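The chains referred to below are lettered A, B, ... by the order of the sequence lines, with proteins before strands, and numbering in each begins at 1. No hydrogens, no waters, no symmetry mates; every other heavy atom, side chains included, goes into these values. Since the structure is predicted, the reported quantities are computational estimates derived from the model, not experimental observations.
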Amino acid sequence: MDKSFSPHAIEQRIYAAWEAQRAFAPRGHGQPFCIVIPPPNVTGTLHMGHAFQDTIMDALTRYHRMRGFDTLWQPGTDHAGIATQMVVERQLNAAGKSRLELGRTAFVERVWQWKEESGGVISRQMRRLGASVDWSRERFTMDEGLSRAVIDVFVRLYREGLVYRGKRLVNWDPVLKTALSDLEVAAQEEPGHLWHIRYPLTDGGGALTVATTRPETLLGDAAVAVHPDDERYRALIGRKLRLPLTEREIPIIADAYVDPAFGSGCVKITPAHDFNDYEVGQRHGLPLINIFTPEAALNEAAPPAYRGLDRFEARKRVLADLETSGLLEKTEDHKLTVPRGDRTGAVLEPLLTDQWFVKIQPLADPAIRAVEDGRIRFIPEQWSKVYFDWMRNIKDWCISRQLWWGHRIPAWYDEAGKHYVGLDEADARRVHGLPADLPLRQDEDVLDTWFSSALWPFSTLGWPADTLELRTFYPTSVLVTGFDIIFFWVARMIMLGLKFAGDVPFREVYVHGLIRDHDGQKMSKSKGNVIDPLDIVDGISLADLLAKRTTGLMQPQMGPAIEKATRKQFPEGIAAFGTDALRLTFASLATQSRDLRFDMARVDSYRNFCNKLWNAARFVLMNVEGANLTEDGAQYSLADRWIGAQCNAMLARVAQGFAEYRLDAVVNALYEFIWNDYCDWYVELAKAVLNAPGATGDAGEPEPANAPGQPAPSALPGVSEAAHRGTRLTLVRTLETALRALHPIAPFVTEELWQRVAPAAGRAEPEAGASIMQAPFPQSAAVDADSVRDMRWVMDFILGVRQIRGEMDIAPARKLDVLLQNANAEDRRRLAEHGLYLTRLAGVHPPRLLEQGENAPIAAIALVGELQVLVPMAGLIDPAAELTRLAKRRSRADGDLKKISGKLGNTEFLANAPPEVVAKDQARAAELRTEIAQLDRQCARVEALRAQ
RNA sequence: GCGCGCUUAGCUCAGCGGUAGAGCAUCACCUUGACAUGGUGGGGGUCAGUGGUUCGAUCCCACUAGCGCGCACCA
């Protein structure tokens, strides 16, 4: 075995072996456990958030698989309509071509090509991350089967009246020239202006002043509204205004929507270009005057002078013209929220167009109930509130997109523009009784990608066919997702799952936080702070990292700043940490926090942890190879029993952590057990046994003869051949158990080590080729409390001596003489039974009990309960230093005692606190008093020595 | 405006009605035969502030301050 762990030497080989064994497929029996992956964009790449999420899902999947569940982690990708179309269009533009030139068929073909080219990236990344998804079941939202499910759902909803077509005001992206759903609008506060404009009354009696942030829309005004109770304007209601820059007359109307306190109390009403105004217009029967083209330039409805101008150009022109005609009263600075497309960043325009909608209320109601009555549980619970808030105020969902890449809407139009919906054209004709020769053309639009994603938990399992997978794995067990897509995806899956698959799509929704960079910033290409998870696995040079972060920027002027920040944070690039270290880091971040800062130092510590584990295994294998490991008659020492107890406690914590989706707790339990308990203590204790002279005649360090009447270490139990066997068995079995427990989080290093350790532990035949991922997950058993108590004594003894050594600067190699004073029967028993550990781990000669009446020499002192451990100072210890040390101990004990005495002196405390709490404090107080008394005595003695 | 979250060691974060924890960083000693990606020991916190509930509050409640997020917005 290598002296240190090198991840890249094993990871890809191991993953390939798993795949070759088809180890990720459901086993076909046992209780089902299923997670569907939140499908990433097929042409994208995995970012840190994906890697984090995949780590969680893989850990859950491997954990359940090992526990004997029939486990399916369903992989796949979605077609990401807008994002993908944008990418391919950009490619075309770069080549001097356009989508329109190419035509729809050729363009879509081109997108498919791009999908084929780039679609493998994600699956390669997932493989490198160790994801145990069932690749044989990989799905894509545009697959034939899933497409069929999409069309099926659309048609069924349509036939039930839950999908309808209508001319409505929708959020329009003038760059993409498509409608968007409400959710795809990112409202952003931006500085702007409030322009006050005079609208003259037609009958000459002055003017009303309206305030607007969008003066160009006045060309589409249909009225000016005032509040019905506003005394200032009451008399004017019903009179007419001459709309500036146009020849039109518009009425003054009264509507309670108007806030009399804002601006002048008069509002221009533009029903075709503002959602609120649209409502007002509906109430008052106002005309809808659409003045914009799909590109958001002014159309024929505008006066000739403005036609063809872009909206922002038009704004300038309108303002200039108003100024000229003296109608612009004033201009104020004003902050306003601007709706922008979340993909393009373009200012969105409310635009009147024909679109398809899902009538959502009938779907939302059962979906709300499913969470209310606990059929679906959010973890953490608080997210259900967010879900309810949105669901209870839900609006109809605009599902049509004016794109080419996606599921084309299964509706056909005759020449009169009447639509017919069907599974395909023939179905539409049949259902609607249309003659075969009636010319029909299919709707040009495609469906929102989220419409197909909403079906993911059942469409991937074969729906609408009644498949075995669907029956086995639906409802799925848990959905693992970020809170940013609760509305987009989670809510819609619940609605459509209940509607079409007859049950909730998942029992639990585990909502995790978002991975941010070291400074708490969201990672994004434009900020230049993204990290490719594989660059942490494999490492990357500074030059390559800089290149990755600064090429292809939308805003190239950001380049130098990004370069500077990157050089500062990663002066030497990123080291290769391996997948396991990265996964351990991700798991340790899986707290309940919403924002998770990614800290490279954590990865470093988990890389070290993997190396620690590696070396522990190396040690164990060195010690068990060729050794007799038969169990019969093996004797188990205190340390053997103790590590078993610790292991059981760890397994209980791990099980609880998984049950609560607290992978940070899982990692902590494993880390602490493996490093602190197993490596720092148990392995050292085992060395004490294995290196002691034993019945097998193992080479052991000869211990000096002990004082008469004292038990000699070589005569202690724990060094017989049977005890050696017990220790070797415990070493290897505990390690083997720990490997299985760690496997869901750190799959590679555990597999590699398990292949060598398991046979020695009697777990697997060397030739069987079994994988740790199919071994049973270790179950916790009762903890042996006696062993924990005795071990506590041993540890306190050792720690006490080490502390003296550390604080007195005594070289570790120097063996110390130790005398024991005030030992009770229990101390004597423990010394007799476990003395071997003390000599080795504390670096002392066998401790000698002071005879009755024997004078103790001046010594540094460590307290183990009542027992005093004396390290004679002669020639070793500086009295002044010892006094300092003692004073420090004393003041600490004194502080503690004061606190506890205060409590115990309080009669209310004695009367009200639970008896066990009082008893515990009393015991603690007694302990502290003893300790202080001993320290005082010791101080006095050292003082006396110094005074001599 | 409505809703939610956060504030604990220098940094990143756990925690919890009953003696404040981890990793990293830091200081001292140690090339000990699994591991210097290591070992041993040490230092470091009025748990944001105020008030309340309680025998007891870092933890529960209220308010305040600061930071952040979501939703909805007055043109």
Side-chain angles (χ1 to χ4, degrees), chain A residues 1 3-5 182 187 194-195 210-214 217 225 257-259 261-270 274-277 334 336-337 380 382-383 385-386 389-390 393 483-484 486-487 514 518 520 575 577 581 585 588-589 591-602 604-623 662 664-665 668 671-672 676 679-680 683-684 687 691 799 802-813 843 885 888 895-897 899-900 902-903 906-914 916-918 920-921 924 928:
Chain A
M1 259 178 104
K3 208 173 160 185
S4 59
F5 171 51
D182 299 344
L194 196 57
W195 287 279
V210 301
T212 182
T213 54
R214 304 203 52 198
T217 63
Y257 154 71
V258 180
D259 174 6
F262 187 91
S264 62
C266 303
V267 185
K268 64 192 272 308
I269 301 296
T270 322
D274 182 282
F275 290 101
N276 288 310
D277 293 7
H334 183 73
L336 69 160
T337 38
Q382 73 215 24
W383 291 110
K385 228 171 154 173
V386 175
D389 277 353
W390 189 71
N393 299 300
F483 57 80
D484 52 334
I486 289 178
F487 308 144
L514 261 36
H518 185 265
F577 293 104
T585 307
S588 76
L589 286 173
T591 65
Q592 300 222 350
S593 265
R594 286 201 307 203
D595 299 319
L596 311 170
R597 294 194 194 203
F598 191 86
D599 183 357
M600 209 59 78
R602 294 288 290 275
D604 202 44
S605 77
Y606 287 115
R607 191 254 327 247
N608 295 351
F609 172 71
C610 291
N611 187 58
K612 187 77 179 174
L613 179 65
W614 179 267
N615 275 288
R618 203 161 82 99
F619 169 80
V620 170
L621 291 171
M622 281 165 56
N623 276 279
R662 288 299 302 269
D664 61 319
N668 284 341
Y671 185 98
E672 285 165 18
N676 303 345
C679 292
D680 283 352
V683 165
E684 296 305 319
K687 285 177 188 170
N691 294 342
L799 290 170
R802 280 181 182 172
Q803 195 195 32
I804 291 171
R805 188 192 292 278
E807 293 201 18
M808 295 302 122
D809 264 352
I810 300 167
R885 190 182 74 91
K888 202 163 66 187
D896 287 354
L897 180 61
K899 254 194 274 178
I900 291 177
K903 278 167 80 175
N906 182 347
T907 51
E908 299 276 4
F909 173 70
L910 297 175
N912 292 305
E916 63 272 19
V917 170
V918 176
K920 203 175 148 196
D921 277 349
R924 175 73 184 142
L928 285 167

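- Residue contacts shown for A/D680 are limited to sugar-phosphate atoms, with no base heavy atom under 4.0 Å away.
- Residue contacts for A/T337: at a heavy-atom cut-off of 4.0 Å it reaches a base atom on one of the strands shown.
- Partner assigned to B/C47 is none, using Watson-Crick or G-U wobble distances below 3.5 angstrom.
- The distance from the CH2 atom of A/W390 to the CD1 atom of A/I486 is 11.0 Å, given to the nearest 0.5 Å.
- If you check B/G18, B/U40, B/G3 against the side chain of A/F909, the one that comes closest is B/G18.
- The nearest whole Å value for the distance from the CD atom in A/Q382 to the P atom in B/C4 is 10 Å.
- For the pair A/R607 CZ and B/C24 P, the computed distance is 12 Å after rounding to whole Å.
- Mapping A/E908 and A/D664 onto RNA chain B by nearest heavy atom places A/D664 closer to the 5' end of the strand.
- How far CD1 of A/I900 is from CG of A/D921: 5.0 Å, rounded to the nearest 0.5 Å.
- As judged by a 4.0 angstrom heavy-atom cut-off over every strand, A/R802 is placed among residues touching the sugar-phosphate backbone only.
- Distance from the side chain of A/F487 is smallest for B/G70 among the nucleotides B/C29, B/G70, B/C55.
- Distances were taken from every side-chain heavy atom of A/V258 (C-beta onward) to each of B/C69, B/C35, B/A75; the shortest belongs to B/A75.
- In this entry B/G21 has B/C13 as its Watson-Crick or G-U wobble partner, both defining distances falling under 3.5 Å.
- With hydrogens and angles ignored, the 3.5 Å screen pairs no side-chain donor or acceptor of A/R662 with any backbone N or O of A/T591.
- Look at A/N623 and you won't find any side-chain N or O under 4.0 angstrom from OP1 or OP2 of B/A34.
- Across B/A48 and B/A57, the matching C1' atoms stand 16 Å from one another, rounded to whole Å.
- A/N668 has its CG atom 14 Å from the C1' atom of B/C24, to the nearest Å.
- Residue A/S4 places none of its side-chain N or O atoms closer than 4.0 Å to OP1 or OP2 of B/C35.
- Rounded to a whole Å, the CG atom of A/D604 is 14 Å from the C1' atom of B/U12.
- A/D809 places its CG atom 12 Å from the C1' atom of B/C27, with the value rounded to the nearest Å.
- Straight-line distance between the C1' atoms of B/C24 and B/C60: roughly 33 Å, to the nearest whole Å.
- Atom CZ of A/F5 is separated from atom P of B/A36 by 16 Å (rounded to the nearest Å).
- For the pair A/K687 and A/F619, the cation sits on the ring face: its NZ or CZ lies under 6.0 Å from the ring centre, inside 45° of the axis.
- For A/V917, the listed nucleotide lying nearest its side chain is B/G18; candidates were B/G18, B/U32, B/A34.
- Per the geometry, CE belonging to A/M622 stands 6 Å off P belonging to B/A34, to the nearest Å.
- Side-chain N/O atoms of A/K687 and base N/O atoms of B/A34 include a donor-acceptor pair closer than 3.5 Å.
- If you take atom P in B/A14 and the same atom in B/C71, they sit 24 Å apart, rounded to whole Å.
- Across all strands, A/T907 comes closer than 4.0 Å to no nucleic acid atom at all (heavy-atom distances).
- With B/G33, B/U19, B/A75 as the candidates, the nucleotide lying closest to the side chain of A/N691 is B/G33.
- Counting only heavy atoms from C-beta on, A/K903 has its side chain closest to B/G18 among B/G18, B/C69, B/G23.
- Heavy atoms of A/A911 sit nowhere under 4.0 angstrom from any nucleic acid atom.
- Across all strands shown, A/E916 has no heavy atoms under 4.0 Å from either base or sugar-phosphate atoms.
- A distance of 9.0 Å separates CZ in A/F577 from CG in A/N608, rounded to the nearest 0.5 Å.
- Within the 4.0 angstrom heavy-atom criterion, base atoms lie near A/D259.
- Residues A/R594 and A/K920 each lie close to RNA chain B; by heavy-atom proximity, the contact nearer the 5' end of the strand is made by A/K920.
- Counting any heavy atom pair closer than 4.0 Å across all strands shown, A/V267 reaches a base atom.
- On the P atoms, B/G33 is 14 Å away from B/G39, given to the nearest whole Å.
- The side chain of A/T591 contributes no N or O atom lying less than 4.0 Å from OP1 or OP2 of B/G15.
- Checked by atom type and distance alone, the side chain of A/N615 never pairs as donor or acceptor with a backbone atom of A/S4 at under 3.5 Å.
- Distances were taken from every side-chain heavy atom of A/N912 (C-beta onward) to each of B/A34, B/C13, B/C55; the shortest belongs to B/C55.
- From A/M600, atom CE reaches atom CZ of A/R607 across 11.5 Å, with rounding to the nearest 0.5 Å.
- The partner of B/G5, taking Watson-Crick or G-U wobble pairs whose two distances both stay under 3.5 Å, is B/C67.
- In this structure, A/R597 reaches the sugar-phosphate backbone alone: every heavy-atom distance under 4.0 Å involves primed, P, OP1 or OP2 atoms, never a base.
- Residue A/S605 is in sugar-phosphate contact alone, with no base atom involved, counting any heavy-atom pair closer than 4.0 Å across all strands shown.
- When both distances must be under 3.5 Å, the Watson-Crick or G-U wobble mate of B/G33 does not exist.
- Using bins of under 30°, 30° to 60° and over 60° for the plane-to-plane angle, the ring pair A/H334/A/F262 lands in the perpendicular bin.
- In terms of phosphate contacts, A/K385 brings a side-chain nitrogen or oxygen within less than 4.0 Å of OP1 or OP2 of B/C4.
- Distance CG/A/D599 to CG/A/L589: 8.5 Å, rounded to 0.5 Å.
- Of the candidate nucleotides B/A34, B/U19, B/A75, B/A34 has the atom nearest to the side chain of A/F619.
- Rounded to whole Å, the separation between the C1' atoms of B/G15 and B/G21 comes to 7 Å.
- Nearest nucleotide to the side chain of A/D896, out of B/C35, B/U19, B/C4: B/U19.
- The residue A/K888 sits close only to the backbone: its heavy atoms come under 4.0 Å of sugar-phosphate atoms, none of a base.
- In this structure, A/C679 reaches the bases: a heavy-atom distance under 4.0 Å links it to at least one base atom across the strands shown.
- Below the 3.5 angstrom threshold, one finds no donor paired with an acceptor across the side chain of A/K3 and the base of B/C35.
- A/L799 comes within contact range of the sugar-phosphate backbone alone, with a heavy-atom separation under 4.0 Å but no base atom that close.
- Counting all heavy atoms, side chain and backbone alike, A/S264 lies closest to A/A211 at OG-N, 4.5 Å.
- Residue-level contact check: A/A813 touches neither bases nor backbone, having no heavy atom under 4.0 Å from any strand.
- When the P atom of B/G68 is taken as reference, atom CG of A/L514 falls 16 Å away, rounded to whole Å.
- Picking from B/C55, B/U40, B/U37 the nucleotide with the shortest atom distance to the side chain of A/N611 gives B/U37.
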